[in-house]
Asks: 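Quick one: the structure is below, and I'll ask about it shortly.
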Amino acid sequence: MSTDAPASVSPGPAAEAADVTHTYARAGISVRALEGASLKVSRGEVLAVVGPSGSGKSTLLFLLGGLERPDSGAVRVAGVDWASLSGDERARFRRANCGFVVQGMALLPQATAGENVEVPLVLDDVEPAERASRTAEALDRVGLAGERAKLPDQLSGGQQQRVAIARALVGRPTLVLADEPTGNLDSRTGLAVTALLLDAAREGGAAVVMVTHDPTVAAQADRVVEMHSGRLSRTARIGPPATPGGQAGAGPTP
């Protein structure tokens, strides 16, 4: 694939993993993090992944986001197999199709809220006027239109996480990957931030895969899957698909 041509996307599932295995080394010992995991996530669907620590939840997110490569099996986002991309292609495709929300926010401390949000657009050489418009739109969507010029340490923990959400959504991704997005927040703030994340993602048509240990956060999803020892062991429907006509969870069901 030419590095000058963006990967073409399909109208199928937002993301899918097919019989994926993944092993990593820890203290010189090979650890099997995923063992034949299969999953499909529909566009507009919110999926929560729950399970004990070390069960493979975060590894699944890393593979869906193209940050790790599977030992076997296939991982696709918007119909594009990560294995078909290399080098700059992977980075460009990731910025165009994946948004990330992490527990530690990962905000640049010396950059304003607006500057933090526009980082993905700067990396993609989006024109300044377009960057300004999309940054303002993303901050408004998370209720921070008036906080654009503030530094992270001038914002509350909940506001910082909302900046991280705006950054994840500013590129208008196909898939949002959230790893314990409420881990640093009190329960009330965490629920409010989760609701805001899910509403904003659904409004933009993005699918969300969210790892969480909090059952009240998981209950806001359309579907919940459990992971144990690298396997997706059970799925439970919480509510109907988020978008009209969607078929959340189509395909292999753990």
Side-chain angles (χ1 to χ4, degrees), residues 13-17 37 39-51 53 55-68 75 77-78 94-107 116-117 119-120 138-139 141-144 157-227 232 235 238-239 242-243 248-249:
E16 54 187 320
L39 181 73
K40 285 189 180 181
V41 188
S42 298
R43 292 170 187 267
E45 180 183 16
V46 175
L47 174 71
V49 184
V50 301
S53 296
S55 61
K57 304 185 301 299
S58 294
T59 299
L60 178 64
L61 282 195
F62 295 157
L63 290 171
L64 289 173
L67 298 172
E68 297 279 359
V75 182
V77 170
R94 184 183 300 112
R95 289 196 299 270
N97 290 278
C98 300
F100 294 86
V101 182
V102 297
Q103 180 174 333
M105 286 84 144
L107 301 180
N116 269 285
V117 170
V119 165
L139 284 170
R141 184 176 289 180
V142 299
L144 292 177
Q159 288 175 320
Q160 291 180 38
Q161 193 63 302
R162 283 192 274 163
V163 172
I165 291 168
R167 182 183 57 196
L169 298 175
V170 74
R172 299 168 183 167
T174 301
L175 176 68
V176 175
L177 300 165
D179 195 0
E180 296 288 358
T182 64
N184 288 341
L185 306 174
D186 64 80
S187 58
R188 181 174 179 178
T189 302
L191 285 175
V193 166
T194 302
L196 187 149
L197 164 63
L198 303 190
D199 288 347
R202 285 164 170 155
E203 182 182 338
V208 179
V209 178
M210 174 175 58
V211 164
T212 182
H213 283 97
D214 189 335
T216 59
V217 170
Q220 296 187 60
D222 302 314
R223 182 163 55 111
V224 177
V225 295
E226 295 182 2
M227 288 202 77
L232 292 163
T235 182
I238 300 299
T243 54

Asks: Taking the side chain as C-beta and beyond, is there a heavy-atom pair between Glu180 and Thr212 under 4.5 Å?
Replies: yes

Asks: Please tell me if the side chains of Val101 and Met210 come closer than 4.5 Å, counting only heavy atoms from C-beta onward.
Replies: no

Asks: Rounded to the nearest 0.5 Å, what separation is found between the CZ atom of Arg141 and the CD1 atom of Ile165?
Replies: 11.5 Å

Asks: Between Asp222 (side chain) and Val46 (backbone), is there a donor-acceptor pair under 3.5 Å?
Replies: yes

Asks: For a 4.5 angstrom cut-off between non-hydrogen side-chain atoms, does His213 reach Lys57?
Replies: yes

Asks: Please examine the side chains of Gln161 and Leu196, heavy atoms only from C-beta on, and report whether any two atoms are closer than 4.5 Å.
Replies: no

Asks: Are any of the side-chain heavy atoms of Leu175 and Asn97 separated by less than 4.5 Å?
Replies: no

Asks: Side chains of Leu61 and Val209: does their closest heavy-atom pair fall under 4.5 Å?
Replies: yes

Asks: How long is the span from the CG atom in Leu191 to the CD atom in Gln220, to the nearest 0.5 Å?
Replies: 5.5 Å

Asks: Identify the two heavy atoms, one from Val208 and one from Ala201, that lie closest to each other, and give their separation to 0.1 Å.
Replies: CG2-CB, 3.4 Å

Asks: Which pair of heavy atoms, one from Thr189 and one from Gly158, lies closest together, and at what distance?
Replies: CG2-CA, 3.8 Å

Asks: In Å, rounded to the nearest 0.5 Å, how long is the span from CG of Leu64 to CG of Leu47?
Replies: 9.0 Å

Asks: Closest heavy-atom contact between Leu197 and Val176?
Replies: CD1-CG1, 4.2 Å

Asks: Taking the side chain as C-beta and beyond, is there a heavy-atom pair between Val170 and Pro120 under 4.5 Å?
Replies: yes

Asks: So does Leu144 get a backbone contact from the side chain of Arg162, meaning a donor-acceptor N/O pair under 3.5 Å?
Replies: no

Asks: Given the rule in the side-chain contact (heavy atoms from CB on, under 4.5 Å) test, do Glu68 and Thr59 qualify, once you have shown the distances and angles that lead to the verdict?
Replies: CA-CA 8 Å; Glu68 297 279 359; Thr59 299; 5.8 Å; no

Asks: Between Leu169 and Ala200, what is the shortest heavy-atom contact and its length?
Replies: CD1-CB, 3.4 Å

Asks: Ala37 and Leu232: which non-hydrogen atoms are nearest, and at how many Å?
Replies: CB-CD1, 4.1 Å

Asks: So, does Glu45 use its side chain to make a donor-acceptor pair with the main chain of Arg223 at under 3.5 Å?
Replies: no

Asks: Is the shortest heavy-atom distance from the side chain of Asp214 to the side chain of Thr194 under 4.5 Å?
Replies: no

Asks: Which heavy atom of Cys98 sits nearest a heavy atom of Gly65, and at what distance?
Replies: SG-CA, 4.3 Å

